[in-house]
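Worksheet: one structure, shown below.
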Amino acid sequence: MTVLDFINRLLGREKPSGTMARQRLQLVLAHDRSDLNPELLDQMRREILEVVQRYVEIDIESCDVSLETEDRVTALLANLPIKRTREFPLPIGSGSGSGIGSGSGPAALALDRGTRTDTSAQRPAAGAETSALAGPSASLVPGTTEPGDPPAGIQP
Amino acid sequence: MGKTTLTANLGIALARLGKTVAVLDADFGLRNLDLLLGLENRIIYTAQEVLATTCRLDQALVKHKQQPNLALLPAGNPRMLEWLTPEDMQTITGLLAERSDYVLIDAPAGIEQGFKNAAAAAREAIVITTPEVSAVRDADRVIGLLATMDVKPVQLVLNRVRPKMMANQEMLSVDDVTDILALPLLGLVQEDERVIVSTNRGEPLTLEDNPSPAGQAYLNIASRLCGEEIPLIDPSKKRHGLRARLINKLRKTTGLF
């Protein structure tokens, strides 16, 4: 350890490399152990949401599906806040479920944004929200348009 | 990191404890166990001839001169890798197990077919790694594979431990590695120059009557395998007495010396 290292350590500028090694390892091992690429994880997430949505209305905005590893055991953690339960489960591949399940990556992303604007604007209107979910994703997001649009609208 | 050295030293240590031991060099590509045991000049037949039944097992086994309880079954031609199957390995280890208390298999590096062959023939495993990120990551892969092959228990030996660097937190600590890999610790081997001297001579450290720190660590591992309880002391925390504790405290807070 050089004098400069020592001074840096005293001033708290630099973490000891052992601590860095531990943190970096834990991160890389969490990925190694899960052995699922992000694409597959995303697909699984969408399919899980599809199934759950058939039975209950969930707050898509605050849904969180992730992998966590502790003590060599990798667990799939899903946190899906329920808004209300459905009286009758929707048939397979119908309604809001199909929109999410069959949608490709970007479409699903757009759906998420769509629900976000919906839920913040009018919470009690659950019917409107599900219909919006079922519709095509492109027509769904009037508020969050491409970055080029707003300036063009403002200028005149 | 250090598989062959561990196999050689553990083999001798177990033999000294009165056990009959067979060591099998499963690293057909890069065989070295014969060299570390100092038996390279006495090889006549190898595992290859035993499998082909062109010789008997006892003809191929090379007994250690000072520790006749230990016998080596040398690795055959590197081309064995092309046709050797996990079943072949099970056959060989089965033959060895009939006549010995312990069969130690020195696995090749990597996680390819050679490793899988060796693991298929193993009942339990010892994973040896050094406290460095790349080695620990590799060990994690190996442990994952062993779990899928139903080899258990798996125990950990931490090799080339540098107490000073660990105390300075400039190295992964013993606790870091055992936490991350979640394996029971079987032994701690300190970095020791004597290891190089012993490999130069082909005389494992555990042959000595007053072994160096690494030699003692290997002897302790052998005793633990035999069921003896020997406490594991983390060398980075091993300082006693008031003065030593003060120095240790100073060292920890400042990270100096």
Side-chain angles (χ1 to χ4, degrees), chain A residues 1-49 51-52 63-80 105, chain B residues 111 125 127 129-156 158 160-185 234-237 250-257:
Chain A
M1 179 178 288
T2 64
V3 179
L4 191 67
D5 285 341
F6 172 59
I7 293 168
N8 278 339
R9 182 80 76 79
L10 263 191
L11 297 175
R13 276 189 211 152
E14 200 174 62
K15 265 190 261 175
S17 67
T19 319
M20 280 178 67
R22 185 196 169 95
Q23 289 166 350
R24 293 178 59 218
L25 250 178
Q26 279 173 330
L27 206 69
V28 82
L29 287 185
H31 273 266
D32 284 0
R33 287 172 185 169
S34 68
D35 220 21
L36 258 180
N37 62 39
E39 230 169 83
L40 274 176
L41 190 67
D42 196 47
Q43 189 185 339
M44 180 170 71
R45 194 184 83 96
R46 269 185 277 125
E47 282 176 23
I48 289 173
L49 290 183
V51 170
V52 175
C63 281
D64 177 36
V65 180
S66 60
L67 289 171
E68 271 182 33
T69 305
E70 201 169 286
D71 268 354
R72 301 210 63 79
V73 179
T74 302
L76 177 73
L77 296 180
N79 189 1
L80 314 173
Chain B
I111 49 172
V127 172
T129 185
T130 60
E132 288 153 68
V133 279
S134 52
V136 174
R137 187 189 193 181
D138 294 351
D140 190 76
R141 286 297 305 275
V142 166
I143 294 162
L145 274 178
L146 288 172
T148 63
M149 302 176 85
D150 218 22
V151 179
K152 58 187 160 189
V154 180
Q155 301 182 85
L156 181 72
L158 200 52
R160 306 191 69 167
V161 168
R162 294 163 176 254
K164 253 190 187 171
M165 286 193 76
M166 276 189 183
N168 283 341
Q169 293 181 300
E170 292 292 357
M171 196 172 217
L172 286 168
S173 72
V174 175
D175 293 339
D176 283 345
V177 180
T178 49
D179 284 353
I180 288 171
L181 296 180
L183 285 186
L185 194 60
D234 187 341
S236 61
K237 296 173 186 163
L250 198 68
R251 174 212 287 260
K252 272 212 172 129
T253 47
T254 63
L256 195 65
F257 61 89

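Lettering of chains follows the sequences in order, A, B, ..., and the numbering in each one begins at 1.
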- Query: How far apart are the closest heavy atoms of A:Pro16 and B:Gln169, and which atoms are they?
  - Reply: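 Taking every non-hydrogen atom into account, CB-O, 3.2 Å.
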- Message: Within this structure, what is the OG1-CE distance for the pair A:Thr19 and B:Met171, rounded to the nearest 0.5 Å?
- Response: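 If I round to the nearest 0.5 Å, the distance is 13.5 Å.
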- Query: Just how far is it from atom CG of A:Asp32 to atom CG of B:Asp138, taken to the nearest 0.5 Å?
  - Reply: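 These two atoms lie 9.5 Å from each other.
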- Message: Tell me every residue that passes side-chain contact (heavy atoms from CB on, under 4.5 Å) with A:Arg22, counting only those two or more places apart in sequence or in another chain.
- Response: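 A:Arg22: side-chain contact (heavy atoms from CB on, under 4.5 Å) contacts with A:Gln26, B:Leu172, B:Asp176, B:Asp179, B:Ile180.
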Residues 142-156 of chain B, side-chain donor-acceptor partners within the protein, below 3.5 Å, at least two apart:
from	atom 1	to	atom 2	distance (Å)
B:Thr148	OG1	B:Leu145	O	2.6

